Amino acid sequence: MQFSSYTISLLEELERRIDPETEDDLHEQFQNFWDNCCEDIYFQPTRRKFAAPEVELKEININDAVNDYELMLQSELILASKRLNTRGSFPCVRSNYGTGIMTSLFGAKLFMMPYEANTLPTTCSLNDSDAVRRILEAGVPDLQNGFGKDVFAMGEIFAEVFSKYSKIQKYVQIFHPDTQGPLDVAELLWGGEMFYEMYDNPDLVHCTLRLITDTYKRFLDHWYTIIPRREGLNMHWGWMMHPGLIVLRDDSAMNLSPDLYKEFAFPYDNELLDYYGGGCVHFCGRGDHYIGILAQAKNLFGIKLSQPQYNDMETILRTAKENGKKILGLKLFACEEYAARPDAVCGMIHTA
């Protein structure tokens with residue numbers, strides 16, 4: 001693939017600006033955090049050397065990037081470039097096609113946001129249990145359906161391009177695409193009708209989650225043939241490092257009672273965490289009502305919640321501490337509140 005002079009300039013200046021000592025030090029800070037060697041109440045990684053961009057960093061609309069591989073490459077390189085000039089972020093990239101990657105494999109209709117919103121695309125829910133039954137009859141879908149083709153193509157482009165730049169290949173991680181989690185994929189695909197079927201037809205829900213989990217494995221297994229698995233810590237979102245390979249999303253679980261979470265979410269999340277050697281779980285909204293179940297996952301290493309203000313943080317923090325789990329990316333105000341408590345312990349919380 002032939003690239004424009006602007007793309008080449010982004011790659012060359014990123015290669016020049018990466019300082020191995022700085023990146024190694026930041027990685028070591030995270031490793032110490034995971035090795036329980038952090039002596040602060042909360043861990044806030046700090047880059048010891050900043051590197052300002054040397055070329056113009058253009059604004060690329062995500063709708064354009066989704067429809068053009070080179071613009072997607074530029075968009076991700078620009079983000080990586082910016083992170084070299086921030087306090088605790090890492091340069092990293094991904095095949096950035098939004099929350100509808102997995103649902104698009106099953107034929108869900110793609111939905112592009114208005115251009116002016118500059119927001120990642122998604123897919124439209126079916127809201128039809130008969131359509132879900134037809135998906136089950138068809139079995140695991142073609143992994144090249146929907147956004148699948150683009151995700152893998154971008155992975156191949158990243159791998160090929162990065163192999164030509166030694167520092168980029170070593171220090172700019174290509175983290176896995178947004179494959180969500182089984183329950184999230186099920187709701188995005190099915191729609192709100194799924195929640196009624198948990199009561200009316202639980203076997204149908206389990207069959208759907210089984211198919212999604214199997215598809216998830218095949219999809220990420222193929223991804224890791226393109227982008228080799230990394231040993232040790234893996235990056236995600238540019239500001240988080242964690243043991244294990246995956247970050248699952250569990251946003252839909254906020255709608256479930258603890259009993260429903262235990263039946264319909266936990267077994268499939270736990271299976272994937274075990275299969276991929278562990279990782280982290282992210283959720284938006286409330287999760288304190290099921291955190292005690294989630295924390296039982298042996299290969300769950302970290303919990304990333306976006307909105308501490310919607311949670312009983314006493315429950316979240318106590319449960320994490322008792323089960324040896326880290327809290328990742330906690331908002332600074334919540335970290336400061338925790339640090340003021342007499343029972344605060346060092347090294348359990350990371351803030352981005």
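We use all heavy atoms of the structure for the numbers below, so side chains are in, but hydrogens, waters and symmetry mates are not. This is a predicted model, so every value here is computed, not measured.
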Regarding [X] and [Y], do their side chains bring together a donor and an acceptor under 3.5 Å, going by distance alone?
X: Arg48; Y: Thr22; value: no
X: Gln180; Y: Asp178; value: yes
X: Asn311; Y: Gln307; value: no
X: Tyr310; Y: Asp288; value: no
X: Glu13; Y: Ser81; value: yes
X: Asn299; Y: Tyr276; value: no
X: Trp190; Y: Ser129; value: yes
X: Glu70; Y: Thr7; value: yes

Taking atom [atom1] of [X] as the centre, does the number of heavy atoms from other residues, nucleotides or ligands within less than 6.0 Å exceed 12?
X: Lys262; atom1: NZ; result: no
X: Glu231; atom1: CD; result: no
X: Tyr196; atom1: OH; result: no
X: Glu59; atom1: CD; result: no
X: Arg218; atom1: CZ; result: no

Query raised in the report: Are the ring centres of Phe90 and Phe175 closer than 6.0 Å?
Result: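 For Phe90 and Phe175, the ring centres are not under 6.0 Å apart.
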
Nearest heavy-atom neighbours spanning [X] and [Y]:
X: Leu300; Y: Leu294; result: CD2-O, 3.5 Å
X: Tyr338; Y: Val345; result: OH-N, 3.0 Å
X: Ile101; Y: Ser104; result: O-OG, 2.7 Å
X: Thr99; Y: Thr103; result: O-OG1, 4.5 Å
X: Ala80; Y: Pro91; result: O-CB, 3.7 Å
X: Asn85; Y: Ala51; result: CB-O, 3.5 Å

Short question: side chain of [X], backbone of [Y] - any donor-acceptor pair under 3.5 Å?
X: Tyr6; Y: Lys58; answer: yes
X: Ser306; Y: Lys304; answer: no
X: Asn323; Y: Thr319; answer: yes
X: Asp251; Y: Cys284; answer: yes
X: Ser125; Y: Leu188; answer: yes
X: Arg249; Y: Thr179; answer: no
X: Asp184; Y: Gly181; answer: no
X: Asp150; Y: Val66; answer: no
X: Asn118; Y: Ile62; answer: yes

Starting at [atom1] of [X], measure out to [atom2] of [Y] and round the result to the nearest 0.5 Å.
X: Tyr216; Y: Met102; atom1: OH; atom2: CE; result: 7.5 Å
X: Lys331; Y: Thr351; atom1: NZ; atom2: OG1; result: 9.5 Å
X: Thr215; Y: Asp142; atom1: OG1; atom2: CG; result: 11.0 Å
X: Ile174; Y: Gln169; atom1: CD1; atom2: CD; result: 8.0 Å
X: Leu183; Y: Thr213; atom1: CG; atom2: OG1; result: 10.0 Å
X: Tyr268; Y: Thr208; atom1: OH; atom2: OG1; result: 9.0 Å

same_hphob_cluster([X], [Y]) at 4.5 Å side-chain heavy-atom cutoff:
X: Met1; Y: Val151; result: yes
X: Leu79; Y: Phe3; result: no
X: Ile226; Y: Met235; result: no
X: Leu26; Y: Leu233; result: yes
X: Leu71; Y: Leu57; result: yes

Any non-hydrogen side-chain atom of [X] less than 4.5 Å from a side-chain atom of [Y]?
X: Leu328; Y: Cys280; result: yes
X: Asn255; Y: Glu187; result: yes
X: Leu273; Y: Phe301; result: no
X: Arg94; Y: Pro177; result: no
X: Val205; Y: Phe264; result: yes
X: Met154; Y: Leu73; result: yes
X: Tyr165; Y: Ile18; result: no
X: Thr225; Y: His222; result: yes

Requested in this report: From the options Gln173, Met240, His176, select the one residue that forms a side-chain contact (heavy atoms from CB on, under 4.5 Å) with Asn234.
Outcome: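 So, applying the side-chain contact (heavy atoms from CB on, under 4.5 Å) to Asn234 and each of Gln173, Met240, His176, only Gln173 qualifies.
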
Query - Qualifying residue, where the test is side-chain contact (heavy atoms from CB on, under 4.5 Å) with Cys92 and the options are His236, Arg83, Met241 - result: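 When side-chain contact (heavy atoms from CB on, under 4.5 Å) is applied between Cys92 and each of His236, Arg83, Met241, only Arg83 qualifies.
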
What I want to find out is whether [X] reaches [Y] closely enough, with some N-O distance under 4.0 Å, to be called a salt bridge.
X: Arg134; Y: Asp130; answer: no
X: Asp343; Y: Arg341; answer: yes
X: Lys49; Y: Glu21; answer: no

Query raised in the report: Which residues pass the salt bridge (charged side-chain N to carboxylate O under 4.0 Å, His left out) test with Arg229, sequence neighbours left out?
Result: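 Arg229: salt bridge (charged side-chain N to carboxylate O under 4.0 Å, His left out) contacts with Asp221.
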
Requested in this report: Only one of Lys170, Lys167, Arg47 passes side chain to side chain donor-acceptor pair (under 3.5 Å) with Glu23; say which it is.
Outcome: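 By the side chain to side chain donor-acceptor pair (under 3.5 Å) criterion, Glu23 pairs with just one of Lys170, Lys167, Arg47: Arg47.
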
Requested in this report: For Phe43, check ring pair (Phe, Tyr, Trp, His ring centres under 6.0 Å) against everything at least two apart and list the hits.
Outcome: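 Expected list: Phe30, Phe33, His350.
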
Report task. Take Lys326 and Asn36 through the test side-chain contact (heavy atoms from CB on, under 4.5 Å) and record every step on the way to the result. Result -> CA-CA 10 Å; Lys326 303 284 191 183; Asn36 299 316; 2.8 Å; yes

Requested in this report: Decide yes or no on side-chain contact (heavy atoms from CB on, under 4.5 Å) for Tyr261 and His289, but give the supporting numbers first.
Outcome: CA-CA 10 Å; Tyr261 173 82; His289 57 302; over 6 Å; no

